[in-house]
Structure formats: structure tokens, C-alpha cells
Protein chains: 2
Amino acid sequence: MTELLWGKQPLPSRGPKPAVTLTGIAEAGIRIADAEGLDAVSMQRIAGELPVTKMALYRYVPGKTELVAVMSDLAMGSPPDRPDQPWREALHTWANDLYDGFTLHPWLLLSTVGRRLLGPNELAWMEQGVSALTESGLTGGEQLDSILVITSHIRNIAQQSTTFPGHTTGLTEEDMQQSLAEILTTEAARFPHLTTAMRTSAGSENQGLEFGLQRILDGLELLINGRKAST
Amino acid sequence: MTELLWGKQPLPSRGPKPAVTLTGIAEAGIRIADAEGLDAVSMQRIAGELPVTKMALYRYVPGKTELVAVMSDLAMGSPPDRPDQPWREALHTWANDLYDGFTLHPWLLLSTVGRRLLGPNELAWMEQGVSALTESGLTGGEQLDSILVITSHIRNIAQQSTTFPGHTTGLTEEDMQQSLAEILTTEAARFPHLTTAMRTSAGSENQGLEFGLQRILDGLELLINGRKAST
DNA sequence: ACGCTACTGTGTCCGGCAGACACAGTTAAT
DNA sequence: ATTAACTGTGTCTGCCGGACACAGTAGCGT
């Protein structure tokens with residue numbers, strides 16, 4: 001599995017030339033997932049886009065789980081190079097780059113969940129995030145935890161604002177808002193604070209990304225400055 | 001769908017008594033999901049635990065998607081009642097309660113993803129979170145965004161620290177750490193900052209929840225105090 | 001008392017899925 | 001030329017969600 005993700009395959013000398021490549025397979029899968037959602041990705045479907053049959057794919061990949069892992073790391077891509085900046089600005093653009101990646105391939109939100117082996121691209125993203133904090137005075141663990149918080153925030157914001165191609169019941173943002181508004185009128189008594197909060201927030205949507213990000217960065221800044229002051 | 005989640009079913013007068021109830025079905029599903037993971041939940045499997053066949057379930061629920069939604073809201077449960085506290089402490093315990101819920105039913109992390117209709121319990125959690133901030137001077141939108149950030153953080157921490165019963169490849173935390181360590185020794189040159197961060201963080205794991213939560217709360221406090229000062 | 005009718009549960013069938021396995025064709029090393 | 005490594009194919013199994021026709025049941029109006 002690690003070999004798959006990291007591309008350390010001992011290429012064979014004998015036998016016929018392979019008709020496809022692991023990367024080619026993964027790219028086909030990515031194309032399907034981008035267009036029709038992760039649920040539309042099946043071995044049959046992928047094989048249909050390649051000059052091989054379904055079973056041939058198992059020569060390249062042990063199972064679907066592993067294939068999705070390869071697809072995920074590939075789709076994630078390398079983080080874009082950014083000029084050196086102070087840690088706060090660096091993390092801010094890093095977070096936005098991450099967000100862009102998730103909106104480009106929404107299914108990544110579903111496939112990169114839970115414990116899993118990490119691929120080169122995912123590690124590259126982490127590297128870039130951590131490198132913004134090397135001069136901050138935070139410990140290694142704190143640096144990792146910091147970028148984890150930011151990643152979590154970005155992921156969930158992306159999840160909420162993205163329309164998944166297939167998979168989920170095709171609810172638009174409006175459907176949700178309307179259903180919610182409906183419920184809050186009939187059940188307002190059960191959720192008083194929520195109701196007023198919703199009412200006064202009408203129209204000021206989609207500030208969630210910046211708001212949360214600024215809070216987190218503020219919190220980090222407080223810690224970092226405190227550390228610096230106490231040395 | 002809204003009727004399903006909110007239990008507004010017009011109970012019929014004629015015809016034979018139903019052999020099961022929607023709640024009973026959902027509870028069976030929850031039992032399976034808790035024990036063997038969300039993937040183990042199938043209509044057959046649920047029917048096997050009840051005195052009905054698979055197809056009878058469709059009398060109570062339009063499809064599996066909806067059933068999982070009902071299961072999710074039911075498993076989430078109501079947030080535990082907590083005495084009134086200052087906003088920061090209230091949010092802190094609220095976050096920990098949320099974390100406990102997710103560790104009790106790890107599959108909730110998978111099933112409550114993306115846009116979806118909200119059930120009464122999920123709204124009750126939001127209500128409790130928002131109610132901690134009503135006196136804070138934040139706008140309604142900011143209150144909602146605040147609890148969203150915290151939820152995101154809790155979710156992702158739970159995701160990382162939980163072992164999913166079925167579903168994912170059964171990787172222990174150790175497997176991951178070892179694989180990661182292995183990679184970072186052979187590829188240290190590509191990820192210099194990450195490598196040093198990992199090295200210096202050895203042994204200080206599982207601080208992620210508190211660390212991130214404190215940063216977020218710090219960030220919120222900064223904003224709230226700033227607001228109060230400027231009035 | 002009786003049938004109508006709404007309602008519940010069952011069995012069968014379909015298409016699609018992941019994957020096991022045996023086998024045929026291909027190519028390089030010997 | 002033979003062998004052995006390797007790639008691709010076709011077939012089969014056991015699951016899944018769900019459509020549909022049908023049989024059984026029980027309350028209602030008459």
C-alpha cells in the first residue's frame with residue numbers, strides 16, 4: 001500500500017507491456033468522481049473509460065479502497081508555491097489554497113476521512129503548513145495541532161458550501177434554508193436562541209470561512225506572542 | 001423526509017397493526033452501526049434483527065438514505081443539560097459533550113456529512129451551543145459561525161482518534177505512526193520542517209483537542225472583549 | 001353481519017457492485 | 001525453442017438497494 005501511494009513499484013522486465021498505468025487508472029477515477037461523485041466510481045465504470053476490462057485493473061491495484069487512496073492523493077496535488085511571508089499571512093493563504101483544492105474535488109472530503117496512510121501530496125501540504133510555523137516558537141506538537149485545527153475548519157466549511165455531484169440527496173442551499181426556516185417557525189419555542197440567531201443572521205451568509213479562520217489565527221497569535229514575551 | 005425526522009406521522013386507523021416502529025428500525029440500525037460500522041448496516045441486516053423481512057422496512061422509510069438520517073439524529077441524542085456558566089466554560093463543556101457523542105457512535109462522523117436536512121436532536125445541539133453566546137455581543141451569524149468552528153474541530157479530532165469498527169482498513173494509531181516514521185526517515189529531505197516537528201512532538205500526542213479548542217476560545221474571547229470594549 | 005378499503009408484510013426479480021479464480025495470450029530471458 | 005513471468009479476459013458468487021405484484025388483516029360504513 002505504501003508502495004502504491006509512493007510510486008515505488010519494481011517495474012517488471014518480462015511479459016507483455018501493460019496497457020494502462022496506475023496513474024492513468026487513478027486519473028480516470030478522478031475524472032468520474034469530479035463529474036458524477038464518488039459513488040459513481042466503480043471498477044466497471046473506470047474500466048469503461050480505459051482500453052481494459054474491469055478485472056485487469058486488479059493487476060495494478062489490490063482493491064477499490066487502495067485505488068481511492070491513490071486517487072485522493074493524486075487529486076490533492078502539490079500545494080502551490082507561495083513566497084515567504086509572516087506566519088499569519090502564510091497560513092491564511094495556505095488555508096485558502098486548501099479550500100480551493102477541496103472545492104475543485106469535493107469528493108476528497110468523503111475519501112480522506114478517518115485514519116489512513118498518507119501519500120506524498122498530503123504530506124507536502126502538511127509540510128507547507130508546518131513550515132509557516134517553524135519560527136513561531138511553538139513546539140513541534142503544537143505546530144501540528146495548529147495546522148490540524150485549520151484543516152478541520154477548512155474541510156467543514158468546504159463540506160457545507162459544496163454541492164456534491166452525485167451521492168447526497170440533491171439539496172440546494174435554498175432547500176436547506178427553507179426547510180430550516182419552516183421548522184423554526186413551527187418549533188420556535190424549542191429553539192429560542194437558535195431562532196433569534198438565525199433571524200438576525202439572514203443575509204450575512206458565507207462569512208464562515210473568514211470568520212473562523214480569523215478566530216483561529218487570533219488564538220494562535222495570542223499564544224505565540226505570549227511565548228515570545230516570556231522568553 | 002422532514003416528517004420522518006420530526007416524527008410527524010399521521011398514524012393510520014385501519015389495517016393491521018404494524019409489527020415494528022420507525023424508532024425500532026432505527027435503533028436496530030444504530031446497534032449494528034455501533035458494533036460493526038456503518039457499512040454493515042443493510043436493509044437485510046436490519047430486517048434480520050427484527051420480526052419482519054427486508055421489504056417490510058420500506059413501509060416505514062422511503063430508502064436507506066433516509067433511514068440513515070433518522071438513525072443519525074436518534075443516535076446523536078439530546079445534549080446533556082448543563083448548569084448555566086460563563087460562555088467560555090459553557091462552550092468548553094459543550095464541546096466535550098459533543099466529542100463524547102462522536103466517540104460513542106463513530107459512524108456519525110461518516111453519516112452526518114455534507115448538506116442534509118436537520119433533525120430535532122441536531123438542532124437541539126445547535127441551540128445549546130448558540131445559547132452560550134447569546135450574551136456575548138456577537139451577531140447571530142457570528143454565533144452560528146462560532147459553534148460551527150468548534151464543531152468542525154471536535155469532529156476532526158474525533159475522526160482522527162477513533163477506530164472505526166468496520167469500513168476503513170483496520171489501521172491502529174501505531175500502524176500509522178510507524179508508517180509515517182518510516183517514510184519520514186527515507187524522505188526526510190522532502191519534508192524537513194515536518195520531520196523536525198514530528199520528532200520533537202514524539203510522546204506528546206492526543207493534546208490536539210484541548211490545544212485547538214483553547215486557541216478557538218481564545219480567538220473568540222479576543223473578539224468578544226473587543227466588542228464589549230468598543231461599546 | 002358484511003363487504004369495502006386502507007393498510008401491512010412477503011416473495012420474486014432486476015441491475016449493479018467488489019472480488020475470486022481459472023485460463024489464454026504475450027514477451028523476455030535462458 | 002523452451003520456460004517462466006507477466007498481462008488481460010470471461011465466468012461465477014454473494015452481496016446490495018429497490019421495483020413490483022400479491023396475499024393477508026382489520027377497522028369503517030352500511
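Each chain gets a letter, A, B and so on, in the order the sequences are listed, and its residues count up from 1. What you see is a predicted model; the values in this text were computed from it and never measured.
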*Answer yes or no: is there an ion pair linking A:Asp97 with A:Arg82, defined by an N-O contact shorter than 4.0 Å?*
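Here A:Asp97 pairs with A:Arg82 in a salt bridge, since their nearest N and O are under 4.0 Å apart.
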Please list, pair by pair, any protein nitrogen or oxygen found under 3.5 Å from a nitrogen or oxygen in nucleotides 25-30 of chain D.
unit_1, atom_1, unit_2, atom_2, d
D:dG27, N2, B:Arg14, NH1, 3.0

_Of all pairs that satisfy salt bridge (Lys or Arg N to Asp or Glu O under 4.0 Å), the ones with a partner from residues 149-163 of chain B, not counting sequence neighbours_ =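 Of all non-adjacent pairs touching residues 149-163 of chain B, none passes salt bridge (Lys or Arg N to Asp or Glu O under 4.0 Å).
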_Within residues 19-33 of chain B or reaching into it, pairs that qualify as salt bridge (Lys or Arg N to Asp or Glu O under 4.0 Å) - sequence neighbours excluded_ =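 Residue pairs passing salt bridge (Lys or Arg N to Asp or Glu O under 4.0 Å), neighbours aside: B:Arg31-B:Glu49.
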Between atom [atom1] in [X] and atom [atom2] in [N], what is the gap in whole Å?
| X | N | atom1 | atom2 | result |
| --- | --- | --- | --- | --- |
| B:Asp39 | C:dG19 | CG | P | 12 Å |
| A:Glu66 | C:dG19 | CD | C1' | 12 Å |
| B:Met43 | D:dG17 | CE | C1' | 8 Å |
| B:Leu50 | C:dT8 | CG | C1' | 15 Å |
| A:Arg45 | C:dG15 | CZ | C1' | 15 Å |

*B:Val41 or A:Ala19: which one's nearest nucleotide on DNA chain D is closer to the 5' end?*
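The residue closer to the strand's 5' end, by nearest nucleotide, is A:Ala19.
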I'd like a table of donor-acceptor pairs (distance under 3.5 Å, sequence neighbours excluded) in which one partner is a side-chain atom from residues 16-24 of chain A, with atom names and distances.
unit_1, atom_1, unit_2, atom_2, d
A:Thr21, OG1, A:Gly24, N, 2.9

*Identify, residue by residue, the members of residues 53-64 of chain A with a heavy atom below 4.0 Å from DNA chain D, and return them in order of residue number, or none.*
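Those residues whose heavy atoms fall under 4.0 Å from DNA chain D, taken from residues 53-64 of chain A in numerical order, are A:Thr53, A:Met55, A:Ala56, A:Arg59, A:Tyr60.
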_N or O in side chain of B:Gln44 less than 4.0 angstrom from D:dC15 OP1/OP2_ =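 False: B:Gln44 side-chain N/O out of range (4.0 Å or more) of D:dC15 OP1/OP2.
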_Does any part of the side chain of B:Met198, heavy atoms only, come nearer than 4.5 Å to the side chain of A:Gln143, both counted from C-beta?_
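A side-chain contact is absent here, since even the closest heavy-atom pair is not under 4.5 Å.
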*asked:* Just to verify, what does A:Ser161 make a side-chain hydrogen bond (donor to acceptor under 3.5 Å, both in side chains) with, not counting sequence neighbours?
replied: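 By the side-chain hydrogen bond (donor to acceptor under 3.5 Å, both in side chains) rule, A:Ser161 matches A:Tyr99.
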*Around A:Arg199, counting heavy atoms of other residues, nucleotides and ligands shown, do more than 12 lie under 6.0 Å from its CZ?*
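Atom CZ in A:Arg199 is not packed in, count stays at 12 or less.
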*asked:* Taking CD in B:Gln178 as the centre, count heavy atoms belonging to other residues, nucleotides or ligands within less than 6.0 Å. Is the count above 12?
replied: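 Atom CD in B:Gln178 is not packed in, count stays at 12 or less.
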